[in-house]
Asker: 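Quick one: the structure is below, questions incoming.
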2 protein chains.
Amino acid sequence: MGEGSTRDRILTAGEALFAEVGFEGATLRRLTTTAEVNLAAVHYHFGNKEGLFRAVLERRLAPINAERLRRLDLLESRSASPSLEEVVEAFVGPMLSVQQDPRAVAFVRRLLGRICTDQGGEWIPHFLAQFSGVKERFAVAFQRALPALSPAEVAWRMHFSLGATAHAIADETRIAALSDGLCDPRDSETLLAELVRFITGGLRAPQREERS
Amino acid sequence: MGEGSTRDRILTAGEALFAEVGFEGATLRRLTTTAEVNLAAVHYHFGNKEGLFRAVLERRLAPINAERLRRLDLLESRSASPSLEEVVEAFVGPMLSVQQDPRAVAFVRRLLGRICTDQGGEWIPHFLAQFSGVKERFAVAFQRALPALSPAEVAWRMHFSLGATAHAIADETRIAALSDGLCDPRDSETLLAELVRFITGGLRAPQREERS
DNA sequence: GTTTGGGTAAAACGATCGTTTCATACGAAC
DNA sequence: GTTCGTATGAAACGATCGTTTTACCCAAAC
């Protein structure tokens with residue numbers, strides 16, 4: 001932890017610590033100790049603890065959402081109607097594979113899942129703001145791939161897909177216990193393949209029958 | 001908050017407070033203030049803060065898991081091979097409808113979802129212990145309803161189903177933003193119907209093609 | 001009547017938190 | 001060489017945390 005500027009060391013250590021113990025569980029003293037940085041440096045560079053957290057979030061979320069849009073652009077430039085599997089993979093894949101940095105993976109797998117489930121906190125609007133552009137683009141893409149569904153049903157199923165993804169990505173131990181060792185949570189490739197298959201299946205489920 | 005014994009008032013207030021701000025965010029002083037209980041009473045009745053949290057969890061989880069098994073027993077007594085929809089609803093339904101107590105609903109919708117995503121914490125084994133009996137029973141039921149899938153694939157998809165459920169149940173605001181107001185997160189009936197449909201669709205997705 | 005023990009009340013304990021203050025070191029601008 | 005804004009280090013501040021201690025109330029047991 002002795003490389004990079006002070007600011008970068010704080011960001012990196014904060015990312016790891018927030019991912020490990022969450023926002024409230026993280027301590028600036030523990031953070032500055034592992035980062036080999038003075039305690040006051042956090043407030044100098046980021047204002048306060050929450051400012052640091054927002055900076056940590058943005059550093060990783062921006063590339064993920066950019067990659068999502070890039071892949072969707074690519075799909076739509078190739079075909080007027082991309083397949084559902086392609087759209088799902090463009091949405092889910094970047095969370096698992098944007099960065100080769102293992103620290104980024106740790107962030108996504110632990111912190112992002114935690115954020116998605118956290119109710120309180122003032123950073124959720126800040127988090128959704130970056131996500132909003134992505135949401136609309138993919139809502140349109142999903143609706144096109146699933147013309148039989150109503151917009152409300154598309155929204156519900158995107159919601160469920162997000163949940164399955166967040167849970168699967170955040171998990172590092174439960175799937176092993178659930179499967180009695182059959183499934184390896186670190187096998188990102190299998191995880192992505194199974195997750196995409198599950199989500200596409202759920203999205204393609206027959207629509208609600210209208211009582212006529 | 002002026003009814004019931006001291007112990008019950010602590011449990012009820014703790015349930016609400018943990019659901020609102022999480023374990024680390026909850027303060028015993030705020031808890032004892034709203035419960036109109038002395039600070040020391042928490043340690044007298046529950047040992048410490050974590051003991052109180054475990055007691056809060058158990059009070060709500062036990063009925064849910066009991067109801068799950070009861071419904072599964074009922075299904076299997078009626079038919080040798082219950083339909084997938086029935087099994088999914090027996091698994092998901094109790095989380096939304098076991099108790100008519102609105103405080104129990106608040107607990108399930110906020111705290112349980114949070115627990116499912118929380119990585120650290122010592123109560124997860126304690127939580128899984130109660131869940132373990134449920135897990136095996138439903139794993140068998142799902143495997144029977146989906147004979148084409150490998151055990152590993154059944155485990156993966158149960159895992160994803162749990163994630164979609166936890167996310168959907170914990171959410172109270174995001175689906176409204178995601179759907180631009182089309183979907184109402186408080187409409188438990190629609191939520192359950194859409195969720196069951198999504199999960200059954202995901203579980204029924206075509207299996208991984210073996211490269212021969 | 002006295003004793004006993006479960007339950008509650010008030011107060012303080014030590015620890016640790018996020019934050020602030022103040023002094024200092026360093027490099028660029030003039 | 002002096003000045004000045006940026007950055008860091010050391011120390012302390014006030015607040016609040018979970019927990020413990022001590023004393024008190026009161027109904028049941030003897």
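Each chain gets a letter, A, B and so on, in the order its sequence line appears, and its residues count up from 1. As the structure is a computational prediction, the values presented were derived from the model and not from experiment.
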Asker: Taking the nucleotide of DNA chain D with the closest heavy atom to each, which residue, A:Arg29 or A:Val37, is nearer the 5' end?
Answerer: A:Val37
Asker: I need the CG-C1' distance between B:Asn38 and D:dA23, as an integer number of Å.
Answerer: 12 Å
Asker: Given 3.5 Å as the limit, does a donor-acceptor pair link the side chain of B:Thr12 with the main chain of B:Arg9, or not?
Answerer: no
Asker: Less than 4.0 angstrom between a side-chain N/O of A:His45 and OP1 or OP2 of D:dT8, yes or no?
Answerer: yes
Asker: B:Arg7 has an atom CZ; how far is it from atom P of C:dG7, in whole Å?
Answerer: 10 Å
Asker: Separation of A:Leu39 atom CG from D:dA7 atom P, in whole Å?
Answerer: 18 Å
Asker: Return the value, rounded to whole Å, for the distance between atom OH of A:Tyr44 and atom C1' of C:dC22.
Answerer: 15 Å
Asker: Assign the ring pair A:Phe23 / A:Phe53 to parallel, tilted or perpendicular, where the plane angle (0 to 90°) is split at 30° and 60°.
Answerer: perpendicular
Asker: Closer than 4.0 angstrom, basic N to acidic O: yes or no for A:Arg54 and A:Glu58?
Answerer: no
Asker: Using OP1 and OP2 only, check whether a side-chain N or O of A:Thr6 sits under 4.0 Å from D:dT8.
Answerer: yes
Asker: Could you tell me the separation between the CD atom of B:Glu50 and the P atom of D:dC17, rounded to a whole number of Å?
Answerer: 19 Å
Asker: Relative to each other, are the rings of B:Phe142 and B:Phe138 parallel, tilted or perpendicular (30° and 60° limits)?
Answerer: tilted
Asker: Mind calculating the distance between NE2 (A:His43) and C1' (D:dT8) to the nearest angstrom?
Answerer: 15 Å
Asker: Calculate the interatomic distance between B:Phe46 atom CZ and C:dG7 atom P; express it in whole Å.
Answerer: 12 Å
Asker: A:Leu28 has an atom CG; how far is it from atom C1' of C:dC17, in whole Å?
Answerer: 9 Å
